[in-house]
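Worksheet: the structure to be examined is printed underneath.
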Protein chains: 4
Amino acid sequence: MPLSKFTCCPLAESQAKRERRKEARPGELLAAALDLFVEKGFAATRAEEVAARAGVSKGTLFLYFGSKEELFKAVVRENISGRFTEWEAELTTFTGTTSEMLAYAMRSWWERVGMTKASGITKLMMSEARNFPEIAEFYQQEVILPGHELIRRILQRGIERGEFRVLDLEHAVYSVIAPMIFMMMWKHSVGACAPASFEMHPELFINQQIELLLHGLTGAGQPVAPRA
Amino acid sequence: MPLSKFTCCPLAESQAKRERRKEARPGELLAAALDLFVEKGFAATRAEEVAARAGVSKGTLFLYFGSKEELFKAVVRENISGRFTEWEAELTTFTGTTSEMLAYAMRSWWERVGMTKASGITKLMMSEARNFPEIAEFYQQEVILPGHELIRRILQRGIERGEFRVLDLEHAVYSVIAPMIFMMMWKHSVGACAPASFEMHPELFINQQIELLLHGLTGAGQPVAPRA
Amino acid sequence: MPLSKFTCCPLAESQAKRERRKEARPGELLAAALDLFVEKGFAATRAEEVAARAGVSKGTLFLYFGSKEELFKAVVRENISGRFTEWEAELTTFTGTTSEMLAYAMRSWWERVGMTKASGITKLMMSEARNFPEIAEFYQQEVILPGHELIRRILQRGIERGEFRVLDLEHAVYSVIAPMIFMMMWKHSVGACAPASFEMHPELFINQQIELLLHGLTGAGQPVAPRA
Amino acid sequence: MPLSKFTCCPLAESQAKRERRKEARPGELLAAALDLFVEKGFAATRAEEVAARAGVSKGTLFLYFGSKEELFKAVVRENISGRFTEWEAELTTFTGTTSEMLAYAMRSWWERVGMTKASGITKLMMSEARNFPEIAEFYQQEVILPGHELIRRILQRGIERGEFRVLDLEHAVYSVIAPMIFMMMWKHSVGACAPASFEMHPELFINQQIELLLHGLTGAGQPVAPRA
DNA sequence: CATGAATGAGTGTTCATTCAT
DNA sequence: GATGAATGAACACTCATTCAT
């Protein structure tokens, strides 16, 4: 844009800046709210604090979200993207073994969700589900259901191809999911105020968890992810 | 009740009942508080509601617990029994294989903690840890640390006796704990308002989880806990 | 109560005092609210001010009335007693001329309503009716309708007995009511902040109004209620 | 519009319209404000609503009126025309009987004020006088005082010419004014949300009211304004 | 001039906590 | 001890007013 330095009227620019701010506001507020809701819970988070963290005044918050509750719902909705379709596509075209597939799914989950702020949503839902049944319902439809479906299909593939032994699919899904839920909860609760002794190295843990999930504690073969 | 004919006035009886109630008060309050804190979180639980559920007046609550925060601490403290000593004793004298030992530990954990109200404490800590750092610290010392220690010793025994392969102990502990934490969280959040499709059969899940933990998905042998 | 000076326990007395206060609270609050609502309108009256005038804290107000709106409704309801039955009884047994009857009705209205605080309710309703349609409806049923009925019956009697000439009853009712409504409005608006020049002597006005209503401006006979 | 062919671009036209609108702005705002103030009272009327009804933005309102209070004052001031001079002139040159004169005054009042939006101002003053003493004072000087003066002069004329009997002038003025005030209040309060049973036919009422005022309920002669 | 995004003082309402009874 | 009436600090939310664009 070489011409832009000659811009005769600053109107465009400042207008743009204002517009940009206006469009950015909801996002900034949602980000601030996510942080605080995850950190302190819904009830203990003050609206003014959210506003302050987003760099605006209390009134502005209510300009964008009609109430604290609507803000909460927006936070959850915003962070529950339908990332599953993309994910399922990847797995549908996967050509390796199902063990590799499962490992891939767990590792990419960590990179795309577990290690990001989005993981806080899970903590939020676990903590507040009973106070927001409608939101919990929404979360189940949008996250839990497709998530389970995804894992179930992987396990099914493993069984059908003779890679995994026959097992109770429904509960096996929970076995795969449990360590992931656990990591998110841990990170946002004990992990946030724990002494060094409880530090967890997520990548190491995931690697070993995959190993254990596939071959078990008694599994033969090389030692499992020895700590560097 | 042949003695009752000597009770000239019902005063004595109700007096006695009152005494009993008086001594029971703190316990009833703690039980009510546990329920409500688990259900709605600390901030969203009203002191009056706790009192009402315990069958006393608002004022009485503050007679026994100086503040809502103290009540919370007492709830946590009260429900963190030093059951570990007893438990460790059991395991120290355990004579079977380590696989059996691990299975025993997980199953008895379910009976003694997982399926009881005490499981709510874990949900509470996960939800509120960051609002109550001192309590979280206390919880770590009293529950997490000994719990980890217990699991670690089992795993260590397995490795030393050549039953389990060598692995990163610290993270393996998390692999054992994760499904248990998961069950408690699930039960008190999604599980409390979930449709039938998300129902979980804890015993089945634990059985299969033990199997998976020991032999993995690819493990040979008979199918794992096929659903009845 | 000569024995009361020996009352061994002051419990009874203080209990009583507390009880009395508790029972008196709603009344005190309603009185304070009536004053302020009449003076400043519903919206411009602050809940805290009402409480302060009743000698209690803001919180106490909400102990007795769930919301400002409920307080408003209670104020109106409280001051709309079914005084009409008593009134109608009086008029049913009235034996004089209908002129005397009308005069009696207007004068006793002044003593029982017009000159009391209850007159403020009319101002309130006139000012706020459109903001509280349900209350306005209630007011119509409880006050306007029976009030009109009462006046209508008097006029009807006058016509039937040949004392009053035939006229459009419905509108004649308004002619009787108008000066009374007017007095209440005036008193609580202009009258409350008017210079001496607008002072009104209600008794004089009513007397002359009765005279005019009965005989008109052109009526023969002695001068009408010359000012003392 | 033969000149319009010289308007090469529609800009001029819309420019013109804009100019016109610009000059019309204050008037539109005052009209909108009058409606809303009358309907909901001063405190319960939101500035933004006034602006919206006038078709401008919130900011624009404050461009023309420094504050909501100033807007209110302007509304009152604007709607209190010095129509009295014109009126007094009419009455000064009146040649009929004083009864006719009074009837004319009341009927023309209805046409010029009572049935127009201006009647809302009276409701406003009655409702808000105590919150705006200065405005109330102004209203007294500009409306009440000259209004009373006008009525007083008519009555005085009637007495002096022997048409009306001697009476307490001050209070007789109120007797004339009361039904007019009443009509305006009624129309803007109960009348605005009343069931058909409380409907009032202003012309009928005024006619009969005049009759009653002149000859009273007991007046001989033909029946008073029998309902068509 | 007009706009509407932003502000923050103000108000209704809640609820932990106190204390007279 | 037990009660529950009373308190007032705290917080969600509103809205008149400002001002950058």
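The structure presented is a predicted model; accordingly, all values stated were derived computationally and were not measured. So you know, we letter chains A, B, ... as the sequences are listed, proteins then strands, and number each from 1.
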Ranking A/Glu69 and C/Val56 by the position along DNA chain F of their nearest nucleotide, the one closer to 5' is C/Val56
Correct closest heavy-atom pair for B/Glu78 and B/Leu30 would be CG-CD1, 3.7 Å
The residue, C/Gly59 or A/Leu61, whose nearest nucleotide of DNA chain E is more 5′ is A/Leu61
Exercise. Tell me what D/Lys58 touches on the nucleic acid: a base, only sugar-phosphate, or nothing, going by heavy atoms under 4.0 Å.
Key: base
**Item:** Min side-chain heavy-atom separation C/Lys73-C/Glu134 under 4.5 Å
**Value:** yes
note: C/Leu71, atom CG; E/dG12, atom C1'; distance rounded to Å ~ 12 Å
In terms of heavy-atom contacts, D/Phe65 and D/Ala74 come closest through CE2-CB, 3.6 Å
Exercise for the section: Answer yes or no: is there a side-chain heavy-atom contact under 4.5 Å between A/Phe72 and A/Glu128? Expected result: yes
Scanning both residues in full, the closest heavy-atom pair of C/Tyr64 with C/Pro26 reads CD2-CG, 3.7 Å
The nucleotide from E/dA2, E/dA16, F/dA5 with an atom nearest the side chain of C/Leu63 is F/dA5
Read 5' to 3' with Watson-Crick or G-U pairs under 3.5 Å, [ ] for crossing pairs and | for partners on another strand, DNA chain E gives .||||||||||||||||||||
In short, B/Thr45 meets B/Gly41 closest at the heavy-atom pair OG1-O, 2.6 Å
Examine E/dA5: is either OP1 or OP2 under 4.0 Å from a nitrogen or oxygen in the side chain of A/Tyr64? Give yes or no. no
Which of F/dA16, E/dT14, F/dC13 is nearest the side chain of A/Phe62? It is F/dC13
So do D/Phe42 and D/Lys68 actually touch side chain to side chain, heavy atoms under 4.5 Å? yes
By nearest-heavy-atom nucleotide on DNA chain F, the more 5' of C/Thr60 and D/Ser67 is C/Thr60
Residue set satisfying side chain to side chain contact (heavy atoms under 4.5 Å, CB included) with A/Glu137, at least two apart, ordered chain then number -> A/Gln140, A/Gln141
So B/Phe65, base contact, sugar-phosphate only, or nothing? Heavy-atom distance under 4.0 Å.
nothing
Within residues 35-55 of chain A, the residues having a heavy atom closer than 4.0 Å to DNA chain E are none
Heavy-atom nearest pair, A/Leu29 first then A/Ala51, reads CD2-CA, 4.2 Å
